[in-house]
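Notes follow once the structure below has been shown.
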There are 2 protein chains.
Amino acid sequence: MAKTEKISEAVIRRLPIYLRYLTHLQEMGITTVSSQQMGSTLDVNPAQIRKDLAAFGEFGKKGIGYDVQYLIGKIRHILNIDQELRIAVVGAGHLGHAISNYNDYLRDNMRIVAIFDTDPQKFGEEIAGLKIQPLAELKQTVKTRHIRLGIITVPDFAAQMVADELIDAGIEGILNFAPITLRTDKEVRIDYADLTSSLQSLAYYLN
Amino acid sequence: MAKTEKISEAVIRRLPIYLRYLTHLQEMGITTVSSQQMGSTLDVNPAQIRKDLAAFGEFGKKGIGYDVQYLIGKIRHILNIDQELRIAVVGAGHLGHAISNYNDYLRDNMRIVAIFDTDPQKFGEEIAGLKIQPLAELKQTVKTRHIRLGIITVPDFAAQMVADELIDAGIEGILNFAPITLRTDKEVRIDYADLTSSLQSLAYYLN
DNA sequence: TAGATTGTTAATCGATTAACAATC
DNA sequence: TAGATTGTTAATCGATTAACAATC
């Protein structure tokens with residue numbers, strides 16, 4: 001990263017969108033793209049795209065635009081997904097089940113490699129090629145399998161406990177689907193993906 | 001709504017979080033809460049909470065705080081969830097399956113009442129008490145059952161087509177789980193909930 | 001009354017957009 | 001060279017936070 005200004009969360013939320021479109025262009029054999037073209041497809045101001053990218057280095061060529069393949073490599077590097085990134089899912093209910101089947105969509109080196117639950121009836125059951133493990137095995141599995149991210153898909157009343165376990169196990173980032181604000185005093189990034197809240201926000205815009 | 005200043009999306013994203021906590025307080029029998037208390041639990045600046053709420057009216061009492069039950073009613077009204085709000089899910093794969101089972105978690109009058117797919121093999125199959133219907137029936141079902149929101153859980157290549165169908169059917173808001181930016185010239189709100197993008201953003205914060 | 005807490009104004013901080021010199 | 005497009009500065013716009021008078 002060329003610059004030292006701090007990067008806002010808004011920028012980081014847009015980078016995956018850029019990456020997804022660039023990958024699409026690459027698949028179509030397109031080698032160069034301008035901020036103008038990207039912006040009009042993605043509904044983002046071209047100046048915004050240039051500024052977002054420029055915060056990390058000079059990736060484009062004046063008068064030409066951006067080399068698709070080169071830019072893909074740069075964004076993947078920025079996002080830490082130029083290395084294999086292993087993920088654990090905790091909660092083998094319907095949602096955990098669905099997410100565990102997501103590996104085909106998680107390109108770019110992200111991979112769900114373990115799934116946990118507390119219900120003994122589920123232990124050993126297979127989901128998407130993964131055996132459901134007891135939560136008690138979390139810490140050891142995280143260590144031996146070098147898992148860095150966790151996804152929480154347990155009911156709300158269990159979510160804080162699971163978060164504590166994940167953090168104690170050395171997980172570095174959490175994506176929480178449970179409808180509860182998690183608390184920690186550790187340096188762990190926690191993002192939220194709560195369906196109920198999303199739908200309620202959406203409902204505001206009716207009429 | 002007492003004021004006419006325009007409300008930012010950030011405010012609308014926080015209201016469901018406030019509502020969730022207030023509901024929790026109500027269940028615990030707590031009748032009054034201050035912005036201070038809410039803020040410290042939810043990790044939100046108390047001034048922010050007061051300003052968010054004040055944009056819609058004077059809901060609190062100086063020196064006292066907010067009446068929990070009263071504020072719940074107000075926020076539900078603001079979010080349009082003081083009426084039953086019906087939702088259709090399009091895409092009966094793993095994720096659509098999981099979401100269709102979400103009705104128990106969708107309190108506050110939101111309800112998934114129909115699920116659609118294009119695979120004839122799935123027609124008639126039951127998920128969470130709902131029979132999977134052919135996409136061809138979408139328009140009629142939306143009209144007769146007064147469905148106002150749509151959730152897209154189809155693969156990326158089908159998402160734009162499904163969005164067009166939903167909009168044509170008269171849907172007023174869409175929550176899209178497919179990893180693609182949807183385009184429309186109609187006045188329809190489209191929100192995004194893309195797991196891959198969320199995980200990629202999360203990955204940035206590693207180290 | 002004294003203490004607490006709102007609603008709101010002003011101050012600050014941050015993010016987006018416009019404009020354009022540099023340059024491919 | 002002429003046209004196109006970046007990187008970046010300046011201008012604008014918007015959101016967050018602090019502070020405090022009003023008042024329960």
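Source: prediction; values computed, not measured. Naming convention: chains lettered A, B, ... in sequence-line order (proteins, then strands); numbering from 1 in each chain.
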Base-pair map of DNA chain D as dot-bracket, where | denotes pairing with a different strand and pairs are Watson-Crick or G-U under 3.5 Å: ..||||||||||||||||||||||
Nearest whole angstrom, please: distance from the P of C/dT9 to the CD of B/Q48. 17 Å
It should be established whether A/Y66 places a side-chain nitrogen or oxygen under 4.0 Å from OP1 or OP2 of nucleotide D/dG7. yes
Would you tell me whether A/T141 and A/Q133 have side-chain atoms, one donor and one acceptor, within less than 3.5 Å of each other? yes
Any luck finding a side-chain donor-acceptor pair between B/S35 and B/R50 under 3.5 Å? yes
Taking only heavy atoms on the protein side, list every residue of residues 30-38 of chain B lying under 4.0 Å from any atom of DNA chain C, sorted numerically. B/S34, B/S35
Between B/R76 and A/Q200, does any side-chain donor sit less than 3.5 Å from a side-chain acceptor? no
For B/R148 and A/N207, test the side chains for any donor-to-acceptor distance below 3.5 angstrom and give the result as yes or no. yes
Quick one: list whatever passes side-chain hydrogen bond (donor to acceptor under 3.5 Å, both in side chains) with A/E165, sequence neighbours left out. none
Output side-chain donor-acceptor pairs under 3.5 Å for residues 23-30 of chain B, partner residues at least two apart or in another chain, one line each.
from: B/T23; atom 1: OG1; to: B/L19; atom 2: O; distance (Å): 2.7

For atom CD1 of B/I7 and atom P of D/dG14, their distance in whole Å: 13 Å
What residues form a side-chain hydrogen bond (donor to acceptor under 3.5 Å, both in side chains) with B/Q36, not counting sequence neighbours? none
Check: protein-nucleotides 18-20 of chain D nitrogen or oxygen pairs below 3.5 Å:
from: D/dA18; atom 1: OP2; to: B/N45; atom 2: ND2; distance (Å): 3.4
from: D/dA19; atom 1: N6; to: B/R50; atom 2: NH2; distance (Å): 3.2

Would you please name every residue forming a salt bridge (Lys or Arg N to Asp or Glu O under 4.0 Å) with A/D191, sequence neighbours left out? A/R189
Which of residues 10-24 of chain B sit near DNA chain D, with a heavy atom under 4.0 Å from it? B/A10, B/R14
Check the pair B/R20, A/D194 against salt bridge (charged side-chain N to carboxylate O under 4.0 Å, His left out), reporting the backbone distance first and the verdict last. CA-CA 11 Å; B/R20 177 210 283 163; A/D194 170 21; 2.7 Å; yes
Can you give me the closest heavy-atom contact between B/D82 and B/N109, atom names plus distance? C-ND2, 3.8 Å
To the nearest Å, give me how far apart CD (A/E9) and P (D/dT16) are. 12 Å
Without decimals, in angstroms, what is the distance between B/Y70 OH and C/dT6 P? 15 Å
Would A/T41 and A/Y21 count as having a side-chain donor-acceptor pair, cut-off 3.5 Å? yes
Which whole-number value in Å describes the distance from B/I49 CD1 to D/dT16 P? 12 Å
Between P of D/dT5 and CG of A/L71, the distance in whole Å: 16 Å
Distance, rounded to the nearest Å, where B/K6 contributes NZ and D/dA15 contributes C1': 11 Å
When you compare the protein's N or O atoms with those of nucleotides 21-24 of chain C, which come within less than 3.5 Å of each other, and at what distance?
from: C/dC24; atom 1: O4'; to: A/K62; atom 2: O; distance (Å): 3.0

Among all residues two or more places apart in sequence or in another chain, which pass the salt bridge (Lys or Arg N to Asp or Glu O under 4.0 Å) test with A/R183? B/D43
Hits for salt bridge (Lys or Arg N to Asp or Glu O under 4.0 Å) against A/K122, two or more places apart or cross-chain, chain-then-number order -> A/D117
Starting from the C-alpha separation in whole Å, work towards a yes-or-no answer on side-chain contact (heavy atoms from CB on, under 4.5 Å) for A/Y66 and A/L22. CA-CA 10 Å; A/Y66 298 92; A/L22 290 162; 5.9 Å; no
Using a cut-off of strictly less than 4.0 Å, decide whether A/S8 has a side-chain nitrogen or oxygen near OP1 or OP2 of C/dG14. no
With sequence neighbours excluded, what pairs up with B/T181 under the side-chain hydrogen bond (donor to acceptor under 3.5 Å, both in side chains) test? none
Taking it one step at a time, do B/Y18 and B/D52 satisfy side chain to side chain donor-acceptor pair (under 3.5 Å)? CA-CA 10 Å; B/Y18 303 160; B/D52 286 353; 2.7 Å; yes
